[in-house]
Amino acid sequence: MINCAKCGKDNQDHYKFCLGCGAELAKGSGPKPFSPNTPSQGVKRADVAATASPNMAPVSATRAPAAPAQAAGVECPQCGHANGVGSRFCAACGYNLSAAKPVVAPPPGVDAAAVGNISLVALRADGSEAGMYGVPNEPKVSLGRDVGGIFSGDSYLSPRHASLIRQGGQVIVRDEGSLNGVYLKLRPQVPWVLEYGDVFRIGQEIIRLEPLEPLPATPDGVERLGSPREGYVGRLALVIGRDTTGNAFLIPSTGVHCGRERGDILFSEDGYVSGLHCRIAPNASGQLELTDVGSSNGTFVRLSQEHVLANGDILLMGQQLFRVDLS
């Protein structure tokens, strides 16, 4: 147990912030060891090959597997950590939970996405609610700067940025060719299958997954040569402008971790990136998966296709976060 020096409350050893007062808890005397094959906080990577059924269908690249059901409690809107009932502050990131809503499983046989009322709740940087937009009860509703309300003041939103579509008892979000994209916040420890060309964001870093392809010949026909790349499955390129990339990092077949302090790829000057933020690694089928390993500010993947929304999903559009409430 860790005793809070500010209020005296006992907290479990793995907590970063006090449940009683929200103060940061004392860290260990030395740095935590890092193993490139082990996610943060000692969570073991799932052995997909050992647990998958031979007849199991492959995971779709357009949607991550559903998160496991959680017991009633308070889910942190900032990092997604499930806190116990009565907790005033998130044990993972220190967020004040007074504005957070309880996490309650839907009644048996009820599909939350099939219920007709849809609301988008704008979230401030601290996770508190800044406004709400009740989506009209229509088959297709456009979202963007021209809609007004909570969208009007964001110049990074396109006039017609995205659409919400009611179809077959589900709610689908579609990017309508927006300039800055629609991003979905990943659930912690739930892998998302990436395709080459996919873009994701951690902190203030926008990153694109690219295949390793030989460079074309120069205009005068000279073939380009390079060093062997056996054992590598792709690269991560930093997007620094429209159609412009900066540094690139190779992905070995064992995968990589990204973070601010620990990992294989470090963003030491980005204070919005957690010490150990996310992992990119092949799964048992050889597909590359992106997994948030419990970051404070989340990992966001840019949606390239229509995506079925679940209750509580968080979307990043323009410079704003929106929580999807289905009822």
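Residue indices begin at 1 and follow the sequence shown. The basis for the numbers below is simple: all heavy atoms, side chains too, and nothing from hydrogens, waters or symmetry mates.
- Between atom CD1 of residue Ile172 and atom OG of residue Ser163 there is a gap of 11.5 Å, rounded to the nearest 0.5 Å.
- Within the 4.5 Å cutoff, the side chain of Leu179 has heavy atoms near those of the Arg242 side chain.
- In this structure, Asp198 contributes its side chain and Leu209 its backbone to no donor-acceptor pair below 3.5 Å.
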Please report the C-alpha distance between Asp313 and Arg187 in whole Å, then the side-chain angles of each, then the deciding distance to 0.1 Å, and finally whether the salt bridge (charged side-chain N to carboxylate O under 4.0 Å, His left out) criterion is met. CA-CA 9 Å; Asp313 276 350; Arg187 308 270 179 166; 2.9 Å; yes
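- You'll find the side chain of Ile165 reaches within 4.5 Å of the side chain of Arg174, heavy atoms only.
- Here the NE2-CE distance, from His161 to Met317, works out to 6.5 Å after rounding to the nearest 0.5 Å.
- Tracing side-chain contacts under 4.5 Å through hydrophobic residues (I, L, V, M, F, W, Y), one reaches Ile314 starting from Val199; they form part of the same cluster.
- Between Gln204 atom CD and Glu269 atom CD the span is 11.5 Å, to the nearest 0.5 Å.
- Using a 4.5 Å heavy-atom threshold, the side chains of Leu157 and Ser152 count as separate.
- Listed here is the closest heavy atom pair of Ala281 and Thr254: CB-O, 4.4 Å.
- In this structure, the side chains of Leu303 and Val173 come closer than 4.5 Å at one or more pairs of heavy atoms.
- Residue-environment remark: OH (Tyr196) exceeds the threshold of 12 foreign heavy atoms within 6.0 Å.
- Between Asp220 and Thr218, the side chains place a donor N or O and an acceptor N or O closer than 3.5 Å (distance only, hydrogens not considered).
- Rounding to the nearest 0.5 angstrom, the gap separating the CG atom in Leu290 from the CG atom in Leu194 is 5.0 Å.
- Between Leu186 atom CG and Ile202 atom CD1 the span is 11.5 Å, to the nearest 0.5 Å.
- Within the 4.5 Å cutoff, the side chain of Arg260 has no heavy atoms near those of the Leu276 side chain.
- Arg323 has a carboxylate O that lies under 4.0 Å from a charged side-chain N of Glu129, or vice versa, which qualifies the two as a salt bridge.
- Between Phe249 and Phe267, the angle of the ring planes goes over 60°, which puts this pair in the perpendicular group of the 30/60° scheme.
- Residue Glu176 places its CD atom among more than 12 non-hydrogen atoms of other residues, nucleotides or ligands, all under 6.0 Å distant.
- The distance from the OG1 atom of Thr245 to the CZ atom of Arg235 is 6.0 Å, given to the nearest 0.5 Å.
- Side-chain atoms of Asp270 do not come within 3.5 Å of backbone N or O of Gly203 as any donor-acceptor pair.
- With hydrophobic clusters built from ILVMFWY side chains whose heavy atoms lie under 4.5 angstrom apart, Ile150 shares a cluster with Ile118.
- More than 12 heavy atoms of other shown residues, nucleotides or ligands fall within 6.0 angstrom of atom CD in Glu138.
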For Leu212 and Tyr232, what are the C-alpha separation, side-chain angles and deciding distance, and is it a side chain to side chain contact (heavy atoms under 4.5 Å, CB included)? CA-CA 8 Å; Leu212 293 177; Tyr232 295 95; 3.7 Å; yes
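- The shortest heavy-atom contact between Leu120 and Leu143 is CD1-CD1, 3.6 Å.
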Side chain to side chain contact (heavy atoms under 4.5 Å, CB included) between Tyr183 and Arg201: does it pass, once the steps are laid out? CA-CA 8 Å; Tyr183 289 80; Arg201 178 170 178 168; 4.1 Å; yes
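- A side-chain donor-acceptor contact under 3.5 Å links Asn297 to the backbone of Tyr272.
- Linking ILVMFWY residues whenever their side-chain heavy atoms come closer than 4.5 Å, directly or via other members, leaves Tyr156 and Ile206 in distinct clusters.
- Panel note: side chain His277, backbone Ser296; no donor-acceptor pair is recorded below 3.5 Å.
- Counting only distance, with no hydrogens or angles, the side chain of Gln189 and the backbone of Val293 share a donor-acceptor pair below 3.5 Å.
- Between Arg145 and Asp154, the closest heavy-atom pair is CD-O, 3.5 Å.
- Counting heavy atoms from C-beta on, the side chains of Leu184 and Leu315 come closer than 4.5 Å.
- In plain terms, the two heavy atoms of Leu123 and Gly127 that are nearest each other are CD2-O, 3.8 Å.
- Pairing each heavy atom of Ser178 with each of Arg302, the nearest pair is O-NH2, 3.6 Å.
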Decide yes or no on side chain to side chain contact (heavy atoms under 4.5 Å, CB included) for Leu164 and Leu309, but give the supporting numbers first. CA-CA 9 Å; Leu164 291 181; Leu309 293 172; 3.8 Å; yes
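- Inter-residue side-chain proximity for Val141 and Tyr133 is flagged as met; some heavy-atom pair is nearer than 4.5 Å.
- Between Lys185 and Gly298, the shortest heavy-atom contact is CE-CA, 3.8 Å.
- Between the side chains of Asp325 and Ser119, no donor N or O sits under 3.5 Å from an acceptor N or O.
- Side-chain contact between Phe200 and Leu236: present, with at least one pair of heavy atoms (C-beta onward) separated by less than 4.5 Å.
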